[in-house]
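Order of the sequence lines sets the chain letters (A, B, ...), proteins ahead of strands, with each chain counted from 1.
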2 protein chains.
Amino acid sequence: MTEIVLDVRSQEILRKIISGYILTGEPVGSRTVAKLTREGLSPASVRNVMADLEELGLLTQPHTSAGRVPTERGYRYYIDWLLKVGQPAARDRALIDSSLSRVGGELSEAMEVVPRLLARLTRHVGYLVTPPVSDAVLKHIEFMRLHTRRILVVFVDRDEVVTHRILDMEEDLDQADLSRAARYLVDAFAGKTLQEIRDGLVRLMAEEKARFDSLLSNAVTLGTRYLDAESEERRVVLDGTTNIMHYPEFSDVDTMKRLFETFEEKHRLVNLLDRCLDPSGSRVVLGSEIDDPALGSMALVASPYRLVDGASGWIGILGPTRMEYDRAVSLVDYISRLFSTLLTRPNP
Amino acid sequence: MTEIVLDVRSQEILRKIISGYILTGEPVGSRTVAKLTREGLSPASVRNVMADLEELGLLTQPHTSAGRVPTERGYRYYIDWLLKVGQPAARDRALIDSSLSRVGGELSEAMEVVPRLLARLTRHVGYLVTPPVSDAVLKHIEFMRLHTRRILVVFVDRDEVVTHRILDMEEDLDQADLSRAARYLVDAFAGKTLQEIRDGLVRLMAEEKARFDSLLSNAVTLGTRYLDAESEERRVVLDGTTNIMHYPEFSDVDTMKRLFETFEEKHRLVNLLDRCLDPSGSRVVLGSEIDDPALGSMALVASPYRLVDGASGWIGILGPTRMEYDRAVSLVDYISRLFSTLLTRPNP
DNA sequence: GCTTAGCACTCTAGTGCGTTGAGTGCCAAT
DNA sequence: ATTGGCACTCAACGCACTAGAGTGCTAAGC
């Protein structure tokens, strides 16, 4: 896959075709492009360029006597080289500012608001991916005895994301022991990430002190059990999934069904997003670049956000390949920047 | 709306038409019915009866030269008078038994398993509606101070359904006060329903004792605040929503979108279900009998379940009007009976 | 008096066919 | 290098025609 180099005219024509196609959804013909182009080029000249672009694999025709349509490769070129991202429109900024100011700097609330905002503004699917759970920072933990050998664990993260989980233990512990164990864990590990806590517990076990100190032993057992049960690595929140029903590219029911099933299987979705977001810094991923059949003609726009402690997640949108990338990217960028600022501002 | 009385032959013909239509989705003609009918009736005779049934509003023709299709009224008659509900097939029973035995008698786990089971078996949408929150019975409550005037409330119900909620208070309380207040509430109200607790708190406030006793005062304030924030009355869990994408009656994208939006707005859905399930004991509700446009050509099969304390909820399925009612009703009935038995069996 | 064979009638779904128009590719002229 | 001109292609549309399923009605039969 060699680097493609285009002269200015080809670039302009490619841009016109892609933005035209994004706008109308119809194949774009040489006449249309010729009329839009600044220098008064004739349709015939445009056709020559189009033929070249087609040879390069950036365009195709649905059938011989139709206009041109961008290929995935064409979109990729467009996104990498031709896309100019500005600021969102003033009224969009105003809406974003007011929506976000209302949630304050709390991740737990933003988890609903941000995807909804993205979905509303773009009419695509908005999403937010939390930082990995192993980066969560312990603020509080509490154990409650429900009945014999059955314990409720409540975990509160520094960003006030609360999770609870019921554990079935081998041994019965009374509430006093549980409370002491919780206090011990908070004293020892508050401010540490789950990953660090996991390591710390392993160390304690190895030191064998736990064997003789029942408080320590309980704390270690409970902590370990909880962390082991904590299987999901990241959480993802979606909003506006029904928007995609209107995309003409999903008139095929089976494709749509597969897509919705993907939306529902959160853990699979998380894996998918994780795989395409983490490695590169790239912000737009095309469906063809993910090896999942369900995301066939979709594209992903993503931007990272960052918490005080350096843990980071993603927000973005999921829409048809045929989407207004400039608008999408500018909105996602703007929101993620603003959101990061809010999150890293010292809490009251 | 007078009572409709049909002779045996008309009933049989109506039944054949409806079950034929349910099976194939195509209008059913007189020839087809004549062949299926036991006594060797001719198509012409069948046509006479069909004309009568159409006059009664139980059937229609999509167009002049097509067979007959049941109307909503026809379905209603069929369900009320002609439906014979047996036991589910042996292999279905086996699947149900094994799935449910795994969850034991806990509502919290069943909330996922039961709808999934229903969806799998019927290929429609399975649902479970919890009992009203005001019927929940207090087992544990815990208050945790997150920071100044910010309190996490964890509520555990007798069925081990856990809910948490963050409260912003006017006054700051330290953790010791909070723990005492929680212990007081548990001592005073464990085993009582939220409704009873609400009443109890109101009484305490009225008695004015709270004014002088700070423990009591804190408990009352916290309890009241929590109960006030507890806005949702019931919860509903759905599974298999994507199944409906295959119904040919939803090839219209807008209808489907509206339906999916209804699925997502849980509280609206709860209201809807509540409205059509509570008053009557009827177990099948047709879309036309609910005044919600989103549920146009859908039907609802429901069966109640009961907890030890008498609180009750519903399980059931949501599918196209054109569904195999006998199978659906028998499955829903069987599961709800089995499920009630499990729930009311004394906990270990 | 109910049942039914027969028949004319209706309407959809499918097929074949010619027309239209958008768009292309190529070539020769500028 | 650009462009006007021209032949060609192909989807989309409208139209007429046919096949077939099904009906309603009437008159004959048990």
Can you identify which nucleotide, out of [options], has its nearest atom closest to the [X] side chain?
X        : options                  : result
Ser42(B) : dT23(D), dG4(D), dT4(C)  : dT4(C)
His63(A) : dA5(C), dA11(D), dT3(D)  : dA11(D)
Thr64(B) : dT2(D), dC11(C), dT24(C) : dC11(C)
Met50(A) : dT3(D), dG24(D), dT24(C) : dT24(C)

Send over the distance from [X] [atom1] to [N] [atom2], rounded to a whole Å.
X        : N       : atom1 : atom2 : answer
Arg47(A) : dA7(D)  : CZ    : P     : 15 Å
Leu53(B) : dT23(D) : CG    : C1'   : 15 Å
Leu41(A) : dG4(D)  : CG    : P     : 11 Å
Asp52(A) : dT24(C) : CG    : C1'   : 15 Å
Arg31(B) : dG6(C)  : CZ    : P     : 14 Å
Asn48(A) : dT3(D)  : CG    : P     : 10 Å
Glu26(A) : dG23(C) : CD    : C1'   : 13 Å

Testing the 3.5 Å rule here: is there a donor-acceptor pair between the side chains of Ser45(B) and Asn48(B)?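 Not at all, the side chains of Ser45(B) and Asn48(B) share no donor-acceptor pair under 3.5 Å.
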Thinking salt bridges, do [X] and [Y] make one under a 4.0 Å N-O criterion?
X         : Y         : answer
Glu265(A) : Arg268(A) : yes
Asp333(A) : Arg283(A) : yes
Arg76(A)  : Glu72(A)  : no

Please check the phosphate of [N] (OP1 and OP2 only) for any side-chain N or O of [X] closer than 4.0 Å.
X        : N       : answer
Arg9(A)  : dT2(D)  : yes
Ser45(B) : dT4(C)  : yes
Arg68(A) : dT24(C) : yes
Gln61(A) : dA22(C) : no

Between Ala44(B) and Gly67(B), who's closer to the 5' end of DNA chain D by nearest nucleotide?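 First, find each residue's nearest nucleotide; the 5'-ward one identifies Gly67(B).
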No-H, no-angle donor-acceptor pair, Ser65(A) side chain to dC10(D) base, under 3.5 Å: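 Indeed, a donor on one side and an acceptor on the other fall under 3.5 Å apart.
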To check you understand the geometry: which heavy-atom pair defines the closest contact between Arg123(A) and Tyr247(A), and what is its length? O-OH, 3.7 Å
